[in-house]
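Step one of this worksheet: look at the structure below.
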Number of protein chains: 2
Amino acid sequence: MARAATTSDVFNAVAEPRRREILLFLLDRERPVTDVVDELQLDQPSVSKHLRVLRDVGLVRVRRDGRHKYYRTRAEGIRPLHDWASTFERYWSHQLLRVKERAEGMARAAERDAKKK
Amino acid sequence: MARAATTSDVFNAVAEPRRREILLFLLDRERPVTDVVDELQLDQPSVSKHLRVLRDVGLVRVRRDGRHKYYRTRAEGIRPLHDWASTFERYWSHQLLRVKERAEGMARAAERDAKKK
DNA sequence: TTTATATATGCCGATAAAGGAATATGTAAA
DNA sequence: TTTACATATTCCTTTATCGGCATATATAAA
């Protein structure tokens, strides 16, 4: 078996770097597909495909206006990712603390060494 | 071309659901590979491979003790993911705020309607 | 030294993903 | 209606990934 389908999973959807760029680009304003193509220097079919994936997992919204379609990032879609990552937050503070303590311990040891000489 | 290699990218590494499980399992204590195999009901080679990927992107640490290897999650490795997701945080608050305001507006309207009757 | 245990790696087959190019669809302008 | 523009989809090829199985390596116990 290969990897779980991108279509059904936010984690997989954002695993692709271009899709992350697209999400950032569409974060503050809605934009037509052409803008994404021009700004991020991607081929139009490629952009349409990425937007399709993002849409399927609920990471972008679309609004049609005439022959244009305006896409915009649905920030709430990122929450599962953020929440998951937050689980680790308190641990990395702990680890930083431990690293700091260790560094201070080493600094004191170095001072003692310096005095001996 | 296919997707960027998992090995070089935290986003890709955590795109795999089993690897996310492993990271959570190894978060609070270090554990030998066998524990992961037993607890998460995976084949041993599969676990070793996942651990290899996680190790290559800096998401786990190993300590050898005799013939055992103790793995533990390196929480700091998750930070890039968390930071990236945080970029979207203020936008989803905004959107939630707007939803809330709209809901309150509707509640007031409903009250007015109720009084008229 | 032989044997058992713990872990890692290599190979294979199936599946999926991504880019490219062509084409289809859908809407507006002429 | 024809033409132009905007976007989506399809087909094809290449590459990656994952699981399964067998096997290799490393260390401890007998």
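Just so you know, these numbers come straight off a predicted model, no measurement behind them. In what follows, chains are A, B, ... by sequence order, proteins preceding strands, each numbered from 1. All heavy atoms count here, side chains included; hydrogens, waters and symmetry mates do not.
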Check whether any side-chain N or O of [X] sits under 4.0 Å from OP1 or OP2 of [N], and answer yes or no.
X	N	value
B/Arg19	D/dC18	yes
B/His50	D/dG19	yes
B/Arg52	C/dT9	yes
B/Arg67	C/dT7	no
B/Lys69	C/dA6	no
A/Ser48	D/dT9	no
A/Tyr71	D/dA8	yes
B/Thr34	C/dA6	no

For atom [atom1] of [X] and atom [atom2] of [N], their distance in whole Å:
X	N	atom1	atom2	answer
B/Asp9	C/dA18	CG	P	12 Å
B/Arg18	D/dG20	CZ	C1'	13 Å
B/Leu42	D/dC21	CG	C1'	16 Å
A/Arg31	D/dA6	CZ	C1'	17 Å
B/Asp65	C/dA6	CG	C1'	12 Å
A/Gln41	C/dG19	CD	P	15 Å
B/Lys49	C/dT9	NZ	P	11 Å
B/Leu40	D/dG19	CG	C1'	16 Å

With DNA chain D as reference, determine whether B/Ser46 or B/Gly66 sits nearer its 5' end, using the nearest nucleotide of each.
B/Ser46
Side-chain donor-acceptor pair under 3.5 Å between A/Gln44 and A/Ser48, yes or no?
yes
First locate atom OG of B/Ser86, then atom CZ of B/Arg79, and finally report the distance between them rounded to the nearest 0.5 Å.
9.5 Å
As an exercise, state the distance from CD of A/Glu89 to CG of A/Asp83, rounded to the nearest 0.5 Å.
11.0 Å
Look at the side chain of A/Arg64 and the backbone N and O of A/Gly66, then say whether any donor-acceptor pair between them is shorter than 3.5 Å.
yes
With a sphere of 6.0 Å drawn around CZ of B/Arg20, does it hold more than 12 non-hydrogen atoms of other residues, nucleotides or ligands?
yes
Would you kindly compare B/Tyr70 and A/Arg64 by the position of their nearest DNA chain C nucleotide and give the one closer to the 5′ end?
B/Tyr70
Taking atom types as they are modelled, is there a donor-acceptor pair under 3.5 Å from the base of D/dA8 to the side chain of A/Gln44?
yes
Pick base, sugar-phosphate or nothing for B/Pro45, based on heavy-atom distances below 4.0 Å to the nucleic acid.
base
Partners meeting ring pair (Phe, Tyr, Trp, His ring centres under 6.0 Å) with A/Tyr71 (sequence neighbours left out):
none
Counting only side-chain heavy atoms from C-beta out, which of D/dT27, C/dT7, D/dA6 sits nearest to B/His68?
C/dT7
Between D/dT10, C/dA18, D/dG19, which one does the side chain of A/Glu16 approach most closely?
C/dA18
